[in-house]
There are 2 protein chains.
Amino acid sequence: MATLADVARRAGVSTATASRIINGSPKPVTEELRTRVLAAVAELRYVPNAHAQMLARNNRNAVGVLVHDVSDPYFAEITRGLQRVATAHGRLVIICNTFREPARELEYIDLLHAHQVAAIVVAGSGYLSSDAETELHDRMLAFEATGGRIAVIGRHHHSSDAVVPANEEGGYLAGAHLFELGHTAVAVIAGPAALTTTADRLAGLQRAATAFGRTLHIVHSDFTRDGGATAAADLLAVDPGLTAIAALNDSMAVGALAAMRAAGRRLSIIGFDDMPIARDVTPALTSVRLPLTELGERAMELALNPPPPNAPPRTEHIPAELVIRDSTWPLKPAT
Amino acid sequence: MATLADVARRAGVSTATASRIINGSPKPVTEELRTRVLAAVAELRYVPNAHAQMLARNNRNAVGVLVHDVSDPYFAEITRGLQRVATAHGRLVIICNTFREPARELEYIDLLHAHQVAAIVVAGSGYLSSDAETELHDRMLAFEATGGRIAVIGRHHHSSDAVVPANEEGGYLAGAHLFELGHTAVAVIAGPAALTTTADRLAGLQRAATAFGRTLHIVHSDFTRDGGATAAADLLAVDPGLTAIAALNDSMAVGALAAMRAAGRRLSIIGFDDMPIARDVTPALTSVRLPLTELGERAMELALNPPPPNAPPRTEHIPAELVIRDSTWPLKPAT
DNA sequence: CGGTATCAGGAAAGCGCTTACCTAAGGCGA
DNA sequence: TCGCCTTAGGTAAGCGCTTTCCTGATACCG
């Protein structure tokens with residue numbers, strides 16, 4: 001591994017000069033030396049050691065991202081947004097996949113901290129009052145105390161900058177839509193009860209139910225397609241009178257659609273997030289749209305642009321929007 | 001930012017001792033000091049500086065991954081596999097999104113090199129004989145020359161370890177399937193002509209066409225859902241006699257399905273990759289399955305387990321498999 | 001009781017870079 | 001001609017760690 005010293009020796013200059021030339025420092029240098037050094041760099045295939053640079057310069061250039069699972073389209077979409085703006089700022093992005101294990105989140109926060117990242121974006125639902133969650137919060141504070149920046153997406157930490165998707169409002173939108181169509185027997189396929197995202201969306205749905213004087217049949221699943229399919233199958237078996245289902249994300253809605261097809265039933269169904277798949281299933285899925293990529297972009301912007309000193313944490317609300325397609329229709333009075 | 005020296009001072013020991021205790025070195029230390037140091041660590045919220053550690057230890061622990069686009073389900077799936085085994089080995093994964101720009105690939109290779117990663121996995125199709133491609137190859141060699149390991153997925157570099165999906169065979173499978181069903185007027189919606197993946201899959205299709213004494217109508221698109229939709233719409237307009245379409249990935253197949261629906265036409269259609277969405281569209285998509293997650297896992301294993309010295313590069317072939325669903329059917333003779 | 005083996009802990013030399021500071025050589029005006 | 005300011009380049013002090021080697025103290029042996 002060629003070092004700067006090798007380059008300097010080969011070019012017959014000091015490491016100081018070599019360093020200046022390679023980094024294009026403002027210090028003037030004769031053309032002669034410049035070409036010699038650059039030639040040495042090329043011949044030795046010299047690549048500077050980033051760790052040494054970080055250490056010497058003491059600047060932070062990378063940013064870390066914590067996601068539950070990159071291969072989940074929900075996070076993939078968010079990640080895309082995060083990466084777009086990070087790249088635009090010339091930042092290296094380190095993506096950490098927690099595989100939905102809270103313990104891994106803690107590990108990764110420290111790891112990113114150790115790697116001197118400039119900022120950490122924590123994406124994805126938090127857990128309702130768990131030990132891991134407060135522990136995480138602690139570490140986030142510790143990281144911020146050392147000058148690092150934190151932005152969270154959809155978490156309920158009110159000490160860091162946050163972009164918060166309108167989960168509750170979205171839930172309301174979904175519920176209101178179904179009730180306005182005349183449905184009375186509606187079930188909700190929710191995500192894991194421990195997640196704040198589940199809780200928030202559910203709260204909105206409940207608010208709609210109350211407003212319309214209705215009740216909801218709630219079951220919990222796991223936000224996956226197959227989980228949604230199973231939940232829907234159970235629901236159809238247990239509650240034959242059901243006319244509509246609200247799934248708390250599109251993956252589960254798609255699963256539910258498959259289950260309904262398998263059971264030969266047709267219920268109105270509404271999803272959440274409006275992921276790309278929504279328009280390609282049959283019937284095309286009505287969904288509560290959340291601009292995922294934008295969520296990521298906003299969060300990265302918060303993370304990268306430090307707020308004025310001693311300002312309170314910034315919060316950016318991202319509205320939800322109902323996208324009506326073919327999977328919901330008015331309930332016809334029983335014939 | 002607390003340093004080791006701070007911890008040592010606070011615990012009243014030397015940095016050497018502090019370092020040993022924190023890293024659990026085998027050197028024996030009195031319980032007394034151990035607790036003092038650990039207490040200092042906790043009080044100061046000390047997190048070691050990973051850059052300094054890298055520099056001092058001179059070991060490489062991270063691994064880099066180059067993908068065209070994480071949010072593309074194809075790469076998301078591969079990335080998942082990569083990450084699973086990297087995490088199992090306790091490695092930090094740095095994912096670099098090239099946004100399909102060859103120039104960015106070069107940049108990132110150097111960046112990962114500079115960051116002293118232990119290995120780089122280059123995922124995703126290469127370009128047929130472009131300058132950027134040979135340049136990339138050069139840099140890969142330079143990286144390997146410094147002791148770094150490289151594994152490529154589906155690229156035609158025969159100097160590094162590689163896992164190669166059976167693109168050609170898969171193409172043949174797709175073609176043979178369509179021809180066996182009696183289709184004669186079949187079109188192919190290919191990816192960008194410059195990509196090796198396109199070329200390989202196409203070659204297999206051509207081989208099948210030759211074997212069955214048929215010809216193919218080929219159009220190039222961009223591997224995206226909307227690109228596929230546009231291409232299919234054009235195809236339907238230009239060539240009304242078409243009875244089957246082979247799309248070179250599932251995204252385009254899904255788009256084609258949508259275009260056909262819009263045009264009120266029903267042709268047999270076959271996709272490629274068997275991504276999760278394939279079973280959820282209507283009709284469920286027949287597809288040439290490539291185990292994407294496994295592709296990623298294999299590649300990371302190659303990258304992490306160095307081969308015996310001076311052995312030739314290893315190549316792992318991953319077979320393709322035809323998954324027949326509802327989107328392909330026998331051609332009924334025109335009535 | 002001297003000598004050596006054992007042990008806990010510290011001093012200090014790097015790891016590869018950046019950069020503040022210094023030096024030597026010209027160039028200039030007076 | 002002298003003194004001083006540029007200018008081009010070098011010297012060396014870190015950045016925060018790890019680790020080799022060393023020291024002083026204690027234990028153990030004959």
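Side chains are part of it too, since the values below use all heavy atoms of this structure and drop only hydrogens, waters and symmetry mates. Letters go in sequence order (proteins before strands), and every chain restarts at 1.
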Between dT18(C), dG10(C), dG16(D), which nucleotide gets closest to the side-chain atoms of Asn49(B)? dG16(D)

Would Glu133(B) and Arg155(B) pass as an ion pair if we require N to O under 4.0 Å? yes

Nearest to side-chain heavy atoms of Arg57(A), which nucleotide of dA8(D), dT18(C), dT18(D): dT18(C)

With the side chain defined as heavy atoms from C-beta on, Gln53(B) is closest, among dC15(D), dA12(D), dC17(D), to dC17(D)

Tell me whether Glu77(B) is salt-bridged to Arg80(B), with the criterion being a basic N under 4.0 Å from an acidic carboxylate O. no

side-chain N/O Thr30(A) vs dA8(D) OP1/OP2, d < 4.0 Å: no

Any carboxylate oxygen within less than 4.0 angstrom of a Lys/Arg side-chain nitrogen, looking at Arg149(B) and Glu144(B)? no

Can you tell me the distance, in whole Å, between the CD1 atom of Ile21(A) and the P atom of dG10(D)? 9 Å

Atom pair distance, as rounded to whole Å: CG in Asn61(B) and P in dT18(D): 13 Å

CE of Met1(A) versus P of dG14(C): gap in Å, rounded? 21 Å

For the pair made of CZ in Arg34(A) and P in dA8(D), what is the distance, rounded to whole Å? 11 Å

Side-chain N or O of Ser19(A) closer than 4.0 Å to phosphate OP1/OP2 of dC17(C): no

Between CG of Leu33(A) and C1' of dT7(D) the distance, given in whole Å, is 13 Å

State which of dG16(C), dA12(D), dG9(C) makes the closest approach to the side chain of Ala52(A). dG16(C)

Would you call Arg100(B)-Asp72(B) a salt bridge at under 4.0 Å N-O? yes

Options dT19(C), dG9(D), dG16(D), nucleotide nearest the side-chain atoms of Leu55(B): dG16(D)

Of the listed nucleotides dA8(D), dC15(C), dT19(C), the one nearest the side chain of Lys27(A): dA8(D)

To the side chain of Ser14(A), which of dC17(C), dG16(D), dT11(D) is closest? dT11(D)

Arg20(B) (side chain) and dT20(D) (base): donor-acceptor pair under 3.5 Å: yes

With respect to the side chain of Thr15(B), which nucleotide from dG10(D), dA12(C), dG10(C) is positioned closest? dA12(C)

Let me spell it out: for each of Ala16(B) and Ala56(B), pick the nucleotide of DNA chain C with the closest heavy atom. Which residue's pick is nearer the 5' end? Ala16(B)

Within this structure, what is the CZ-to-P distance between Arg9(B) and dG10(C), rounded to whole angstrom? 14 Å

In whole Å, I'd like the distance from the CG atom of Asn58(B) to the P atom of dT18(D). 13 Å

Whole-Å distance, Asn59(A) CG to dC17(C) C1', equals 12 Å

Over 60° means perpendicular and under 30° means parallel, so tell me whether His113(B) and Phe143(B) are parallel, tilted or perpendicular. perpendicular

Which of parallel (below 30°), tilted (30 to 60°) and perpendicular (above 60°) describes His115(B) and His51(A)? perpendicular

Of dA8(C), dG16(D), dT18(D), the nucleotide closest to the side chain of Thr3(B) is dG16(D)

